[in-house]
**Student:** 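Handing you a structure now.
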Amino acid sequence: MSIVNAKEIMIEAARGKYAVGAFNITDLIQLEAVVEAAKEKKAPLIIQTSVKPSKFLDRHVLVAIYRTLAEAAPIPICLHLDHCTDVEYCKQCADAGYTNIMIDASKQTFEENIRQSKEVVDYSHSVGNLSVEAELGTVSGVEDQVKVAEDEAALANPAQAAEFVERTGVDIFAPAIGTAHGVYKTKNPKIDFDRLGKINQILNGGGIKTPLVVHGGTGLPEDYIKRLIEMGGAKFNVSTELKHTLIDTTYEYIIANRDEYDPGKIDSAVKDAIRMAVGHWIDMLGSAGKA
Ligand code: 13P
């Protein structure tokens, strides 16, 4: 049960009215911390890497570590490539053993987004038990190499969403609904809950076929998270919070222990902090005990 694609655990989540946490990692300490937190909470898990960390750490090394950890874990774990704008790199990660691939052609025209997404879907399905995520509309903010200015962001059109999913055959779908990558500038970001509900009704009203993804998890108030899950959100992406946790914890540890030269202690402090942050997310998403 340990190595899974995203779609299978998200269908369970959507049926059970909870969501799977999808946590972006940039190094191996974070990766281990995320896995430990999910094991402690007995929660299904999606580990995500953006393209830069995937290239920096090497996709084959990442997959080998993922497989080693997932095979030994009593919970289902997926390895997801996040926001990849390059069809060829999506295919390379599918070949390497990622179990969910996100092709992000959301900045292209509708037709070009369909063409690229379908190419990645067809290829990935021919490789093995992989699922594919694609996005319609654009999520503002910065995630790795994808940058969208606030005035460029466009919400997903529900009728187009149905056509997009039908024509691409995509497994899981990320509609832009006003959430943003990075830190929200206001305490009450403007999120179009009803749009998510409407898209969910169109795609999954007759039974869950294409579970929905919510991007821009960092900073979303807990009551928003609950409402988004009710509206069909079955995967929540969290990146910025874990980057801040890594850097702030490292900085604070070094300031407090300036004369110490034991990298293992910094790693432990970071791992504990990330574990706590991920555990809190799992509780908010209602996925504890669902593995
Ligand atoms: P945040 O960086 O806002 O948590 O968003 C993460 C995300 O959506 C990654 O795809």
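As the structure lists them, so they are numbered: ligands from 1, and atoms in each ligand from 1.
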**Student:** Looking at I3, is its backbone amide N or carbonyl O close enough to the side chain of Y66 to form a donor-acceptor pair, meaning the two atoms are under 3.5 Å apart?
**Tutor:**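 It does not hold such a pair.
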**Student:** I'd like to check which ligand 1 atoms, numbered from 1 as shown, lie under 4.0 Å from a non-hydrogen atom of H83.
**Tutor:**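 This gives 10 (O) as the contact atoms.
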**Student:** Distance to 0.1 Å, residue and atom name: give those for the protein heavy atom nearest to atom 8 (O) of ligand 1.
**Tutor:**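 The closest heavy atom on the protein side is G216 N, 2.8 Å.
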**Student:** Tell me: protein heavy atom nearest atom 2 (O) of ligand 1, and distance?
**Tutor:**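 Nearest neighbour among protein heavy atoms for atom 2 (O) of ligand 1, to 0.1 Å: T240 OG1, 2.5 Å.
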**Student:** Working to the nearest 0.5 angstrom, can you tell me the gap between F173 CZ and M10 CE?
**Tutor:**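 F173 CZ to M10 CE: 11.5 Å, rounded to 0.5 Å.
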**Student:** Looking only at atom types and distance, does a side-chain atom of T218 sit under 3.5 Å from a main-chain N or O of E241, one as donor and one as acceptor?
**Tutor:**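 Yes, T218 side chain to E241 backbone: donor-acceptor pair under 3.5 Å.
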**Student:** Output the list of atoms in ligand 1 that are nearer than 4.0 Å to some heavy atom of A180, sorted by atom number.
**Tutor:**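 Here the atoms of ligand 1 in question are 3 (O).
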**Student:** For atom 3 (O) of ligand 1, which protein heavy atom lies nearest, and how many Å away is it?
**Tutor:**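 Residue, atom and distance for the closest contact: G182 N, 3.1 Å.
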**Student:** Can you tell me the protein heavy atom closest to atom 4 (O) of ligand 1 and the distance?
**Tutor:**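 That would be T218 OG1, 2.5 Å.
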**Student:** What atoms in ligand 1 come closer than 4.0 Å to a heavy atom of V238?
**Tutor:**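 Once the distances to V238 are compared, the set is 4 (O).
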**Student:** Looking at R227 and E230, is there a salt bridge between them, counting it only when a charged N and a carboxylate O are closer than 4.0 Å?
**Tutor:**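 Result for this pair is no, no salt bridge flagged.
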**Student:** Could you establish whether H181 and ligand 1 come within less than 4.0 Å of each other, counting only heavy atoms on the residue side?
**Tutor:**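 A heavy atom of H181 does come that close to ligand 1.
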**Student:** Ion pair present between K271 and E32, side-chain N to carboxylate O less than 4.0 angstrom?
**Tutor:**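 Judged by the 4.0 Å cut-off on N to carboxylate O distance, K271 and E32 do form a salt bridge.
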**Student:** What are the atoms of ligand 1, with element, lying closer than 4.0 Å to any heavy atom of S239?
**Tutor:**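 Those atoms are 1 (P), 2 (O), 4 (O), 6 (C).
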**Student:** Using a 4.0 Å heavy-atom cut-off, say whether A22 meets ligand 1 through its side chain, its backbone, both or neither.
**Tutor:**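 Near ligand 1, A22 shows nothing, with every heavy atom at 4.0 Å or more.
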**Student:** When you check the side-chain N and O atoms of N237 and K235, is any donor under 3.5 Å from an acceptor?
**Tutor:**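 Per modelled atom types, N237 and K235 side chains form a pair under 3.5 Å.
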**Student:** Which part of E241 is near ligand 1, with near meaning a heavy atom under 4.0 Å away: side chain, backbone, both or neither?
**Tutor:**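 Within the 4.0 Å criterion, E241 makes no contact with ligand 1.
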**Student:** Measure from the side-chain N and O atoms of T210 to the backbone N and O of D171, and report whether any donor-acceptor pair falls under 3.5 Å.
**Tutor:**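 Flag not set: sc T210 to bb D171 has no pair under 3.5 Å.
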**Student:** Heavy-atom contacts under 4.0 Å between D82 and ligand 1: side chain, backbone, both, or neither?
**Tutor:**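 Side chain only.
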**Student:** Please state whether S50 comes within less than 4.0 angstrom of ligand 1, counting heavy atoms only.
**Tutor:**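 S50: no contact with ligand 1 (<4.0 Å).
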**Student:** Are any side-chain N or O atoms of T138 and backbone N or O atoms of A154, one a donor and one an acceptor, separated by less than 3.5 Å?
**Tutor:**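 A pair under 3.5 Å: yes.
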**Student:** When you measure from the centre of the six-membered ring of Y89, is the NZ or CZ of K55 closer than 6.0 Å and no more than 45° off the axis?
**Tutor:**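 Judged by the rule, K55 and Y89 form a cation-pi pair.
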**Student:** Using a strict cut-off of 4.0 Å, indicate which atoms of ligand 1 neighbour a heavy atom of H215.
**Tutor:**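 With H215 as reference, the close atoms of ligand 1 come out as 8 (O), 10 (O).
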